[in-house]
Amino acid sequence: METSARANPFPHRHLLGIAGLSPGEITYLLDLSDSYVDVSRRSEKKQTVLRGRTVINLFFENSTRTRASFEIAGKRLGGDVVSMQAATSSIRKGETLLDTAMTLNALHPDVLVVRHPESGAVNLLSEKVNCAVINAGDGRHEHPTQALVDALTIRRRRGKLQGQIVAICGDILHSRVARSNIYLLNTMGARVRLVAPPTLLPTAVERLGAEVYHDMRAGLADCDAVMMLRLQTERMQGRFVPSTREYFHLFGLDEEKLRVAKPDALIMHPGPMNRGVEIDSQLADDITRSVILDQVELGVAVRMACLDVLSRNLPGGDDPKVVAT
Amino acid sequence: MNAKPAESATDRVAYVNARLLDPASGLDAPGALLTEGREIADLGPALFADGVPEGIAVIDCEGHCLAPGLVDMRAHLREPGAEHKETLATASHAAAAGGVTSIVCMPNTDPVIDQIALIEFIARRARETSVVKIYPAAAITRGLGGEELTEMAMLLEAGAVAFTDADRAVADSRVMLRALSYARAFDALIMQHPEDAMLTRGGDMNDGELATRLGLTGIPNAAEPIIIERDLRLLAMTGGRYHVAHLSTADAVAVVRGAKDRGLNVTCAVAPHHFALNDTAADDYRTFAKVSPPLRAEDDRRAMVDGLASGTIDVICSDHAPHDQDSKRLPFAQAANGIVGLETMLPLALEMVHNGDVALLDLLRAMTVTPANLIGLPAGRLAAGAPADLVLFDLDRPWRIDANALRSKSKNSPFDGRPVQGRVLRTVVRGNTVFEFDAQG
């Protein structure tokens with residue numbers, strides 16, 4: 001038997017999703033993220049954890065905040081960060097995903113941060129490279145760092161995740177954020193409610209661990225946090241709701257619908273926000289309730305934590321004993 | 001194995017010490033069979049009871065099963081147009097290794113098999129390159145476009161054995177009505193791929209919890225019975241012969257059962273992956289399990305087995321659909337649909353015999369005489385005068401499917417590594433051995 005000073009608190013080579021992570025592993029990532037919040041608020045933010053490491057952000061889908069968040073996180077940890085957007089890369093020239101993966105692999109990155117419009121694409125790519133891979137969102141599958149951001153936001157504001165009632169509202173069908181959040185909140189003992197028209201709910205989603213509502217007033221009753229999702233029209237084939245007017249009427253978050261939630265319930269949104277479609281504009285700006293900008297700030301800290309733990313598991317890192325993810 | 005068998009009309013071969021299995025007559029008895037040239041000359045328990053006369057070659061079957069060569073009503077052979085995935089030659093060797101002696105190839109080639117020249121092309125290429133018999137199915141509509149009917153009468157005269165738009169349903173009800181109606185004049189078989197195009201559009205896999213977890217677009221079960229029920233309404237108006245190319249859902253089995261009970265002339269088939277796998281095979285984005293129609297829930301899989309046991313499902317077809325690595329090593333939604341099946345159909349089907357779900361003769365019937373009758377072939381039976389197309393197999397021999405060892409040009413099998421029981425020992429086409437199992441590998 002191998003002698004080991006301590007167990008690796010995050011024994012995974014990649015971060016491809018929340019599904020499969022244990023409560024301990026999630027808590028570890030959130031605790032580490034907390035410490036990076038403090039680092040990010042200092043004037044001297046530079047760390048050395050990723051010194052000498054190369055991080056490539058590979059985005060096959062347009063992104064502003066997630067890409068910037070990963071870029072800043074990588075740089076604050078002292079890594080060399082390169083960002084590539086599909087629009088300017090060879091993927092547009094017909095190269096297959098695996099060829100792109102092999103090409104980038106030959107550049108010897110230490111961490112690849114990948115976003116892709118197809119579910120499972122990041123898993124596929126992770127099988128073909130030698131470095132650590134972080135899923136920055138794949139199709140409708142998972143967006144693990146966003147779920148960690150949301151959990152950290154709730155935990156910091158409300159002290160814990162256990163027992164919290166979280167309502168996720170809107171386009172659940174096309175949302176990877178919703179799926180990652182369902183897994184994470186369930187794993188951590190929170191209660192998840194999904195509030196959406198039936199056309200925007202995936203089949204058997206209640207089996208993932210959620211109560212399903214089609215009415216905002218019922219779904220928001222007594223909840224601790226309300227997570228609003230935007231309508232992902234770019235992923236829709238045809239119309240799933242008759243009009244944005246009717247959608248806002250039924251599922252848009254406004255003062256009146258929010259009244260049934262706990263008085264201090266948090267208003268969350270992973271962005272980008274469509275004011276007047278899923279959320280009332282004034283409510284989004286209400287600094288006593290809306291934690292939307294907190295989410296953005298914490299996003300950097302969470303991504304620093306993820307880059308940190310995965311880099312420790314790399315060859316030459318602190319914690320090279322890793323089980324396959 | 002003879003790549004190009006010599007065909008001498010006086011060759012006589014005796015298959016002795018066999019377990020003769022003929023679903024057409026119900027024969028299951030020890031005995032011997034004599035082939036003379038391309039035909040079966042005689043068979044029975046008493047044949048060669050006093051020894052085999054001089055001048056006849058003898059093959060000792062060592063008590064193993066000797067059955068009619070399998071007739072596969074549905075395989076995508078990719079020639080012409082996608083020879084990097086499969087050719088008639090490579091498919092024929094795969095078929096021979098799987099005990100399949102007659103294949104019906106689908107018209108979704110490039111160009112589409114929708115005119116006489118293409119039927120003749122297939123016939124010529126099969127003659128020149130194939131070690132088994134290959135019969136083309138022609139398209140129902142030109143270019144598989146779903147609009148204009150093909151020249152069915154002339155295609156039949158040229159050698160087409162059935163009509164199908166391959167991997168697409170004829171979506172337009174009026175076109176389907178005309179196809180069934182027109183085909184009736186020639187007693188032609190219309191074979192439908194039963195999927196509602198609108199419900200299937202953009203779909204990746206079975207609609208259900210797993211699709212939700214994987215973030216893939218589900219194809220609801222209803223997509224299948226909707227088309228079958230519509231077609232049965234049309235069939236009730238026209239008469240004629242309607243065959244459901246493959247079933248995947250319990251609902252569809254029930255619909256076909258009901259139609260048969262009402263006396264409609266409907267038959268249906270199932271592919272091995274639909275009775276041997278459920279949708280969990282596609283977990284972890286395993287694209288080798290991506291197929292159309294999709295692998296369904298366990299209850300549906302079970303309904304396929306029950307459907308075969310009860311006789312509601314008439315036929316087992318391979319739905320052999322070879323794809324190269326580049327078509328499968330993709331994000332799931334972009335990967336091609338299809339599973340190679342010629343070589344694994346018999347052992348996978350025999351699982352149902354070993355499990356006690358289906359009787360051996362009933363199972364063989366679904367792969368021999370029933371499909372042969374549907375497409376009008378004299379094959380698929382052990383009888384004097386029938387073609388000497390045979391399969392000799394060891395019912396019990398255990399082995400493990402190895403995708404890399406498949407003879408098909410493509411290796412896209414979700415059954416890689418699966419332990420199975422039942423091994424083809426010898427395949428005979430027109431009296432000539434075209435495959436012989438080498439236990440040494």
Side-chain angles (χ1 to χ4, degrees), chain A residues 16-20 60-61 91 94-102 114 116-128 135 137-143 172-180 182-183 194 201-210 212 232 235-238 240 324-325, chain B residues 84 196-224 249 251 278-290 294-300 323-337 412 414 416:
Chain A
L16 301 177
I18 296 293
F60 293 96
E61 210 177 53
I91 196 75
E95 188 177 73
T96 68
L97 177 65
L98 289 183
D99 283 336
T100 305
M102 298 310 277
V114 188
H116 198 282
E118 298 286 1
S119 301
V122 183
N123 300 52
L124 178 65
L125 186 144
S126 74
E127 293 165 12
K128 289 287 151 184
N135 181 4
D138 63 320
R140 314 162 173 195
H141 176 224
E142 283 235 41
H143 191 351
I172 313 291
L173 179 66
H174 298 99
S175 177
R176 53 198 175 212
V177 173
R179 285 172 178 74
S180 289
I182 294 169
Y183 300 136
L194 304 175
L201 284 163
T203 304
V205 71
E206 67 284 352
R207 299 240 279 273
L208 274 56
V212 172
Q232 299 200 39
R235 288 188 216 285
M236 291 185 186
Q237 294 178 337
F240 286 73
T325 45
Chain B
H84 60 294
D196 181 274
M198 294 296 115
L199 285 176
T200 309
R201 193 168 59 175
D204 303 314
M205 66 173 295
N206 183 42
D207 195 30
E209 181 185 345
L210 186 61
T212 294
R213 285 186 185 277
L214 294 174
L216 297 172
T217 304
I219 300 171
N221 278 22
E224 191 168 86
T249 65
D251 288 346
N278 62 31
D279 64 350
T280 60
D283 200 359
D284 295 323
Y285 302 101
R286 284 189 288 264
T287 56
F288 278 11
K290 185 178 179 186
L295 301 177
R296 297 291 187 181
E298 176 59 15
D299 287 348
D300 294 303
H323 285 294
D324 57 340
Q325 288 278 334
D326 289 350
S327 305
K328 285 287 194 181
R329 299 288 301 168
L330 291 168
F332 200 91
Q334 294 169 4
N337 282 312
N412 52 304
D416 188 32

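Computed from a prediction, not measured in an experiment: that's the story for all the values here. In what follows, every chain begins at residue 1, and chains take the letters A, B, ... in the order their sequences are listed. Below, all heavy atoms of this structure are taken into account, side chains as well, without hydrogens, waters or symmetry copies.
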Side chain / backbone / both / neither for A/R207 at chain B, heavy atoms under 4.5 Å: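 For A/R207, backbone and side chain are both near chain B.
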
Part of A/L124 within contact of chain B (heavy atom distance under 4.5 Å):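 Just the side chain, heavy atoms under 4.5 Å.
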
Contact leader toward chain A among B/L210, B/T212, B/T287, where contacts are heavy-atom pairs under 4.5 Å: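 When all of B/L210, B/T212, B/T287 are compared, B/T212 has the most.
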
Point-to-point distance, once rounded to the nearest 0.5 Å, from CD of A/E127 to OH of B/Y285: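 Here the interatomic distance stands at 11.5 Å.
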
Test side chain to side chain contact (heavy atoms under 4.5 Å, CB included) applied to A/S119 and B/L214, step by step: CA-CA 7 Å; A/S119 301; B/L214 294 174; 5.8 Å; no

Grab the two heavy atoms, one from [X] and one from [Y], that are nearest each other, plus how far apart they are.
| X | Y | value |
| --- | --- | --- |
| B/R213 | A/H141 | O-CD2, 3.3 Å |
| B/G208 | A/A204 | C-CB, 4.4 Å |
| A/R179 | B/G215 | NE-CA, 3.9 Å |

Neighbourhood of chain A inside residues 196-204 of chain B, taking heavy atoms under 4.5 Å as contact: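 Interface residues of residues 196-204 of chain B: B/R201, B/G202.
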
4.5 Å side-chain heavy-atom contact, A/T96 and B/D326: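 A side-chain contact is absent here, since even the closest heavy-atom pair is not under 4.5 Å.
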
B/T217, part contacting chain A, at a heavy-atom distance under 4.5 Å: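 B/T217 touches chain A through backbone and side-chain heavy atoms alike.
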
Evaluation steps, side chain to side chain contact (heavy atoms under 4.5 Å, CB included), between B/R329 and A/L97: CA-CA 9 Å; B/R329 299 288 301 168; A/L97 177 65; over 6 Å; no

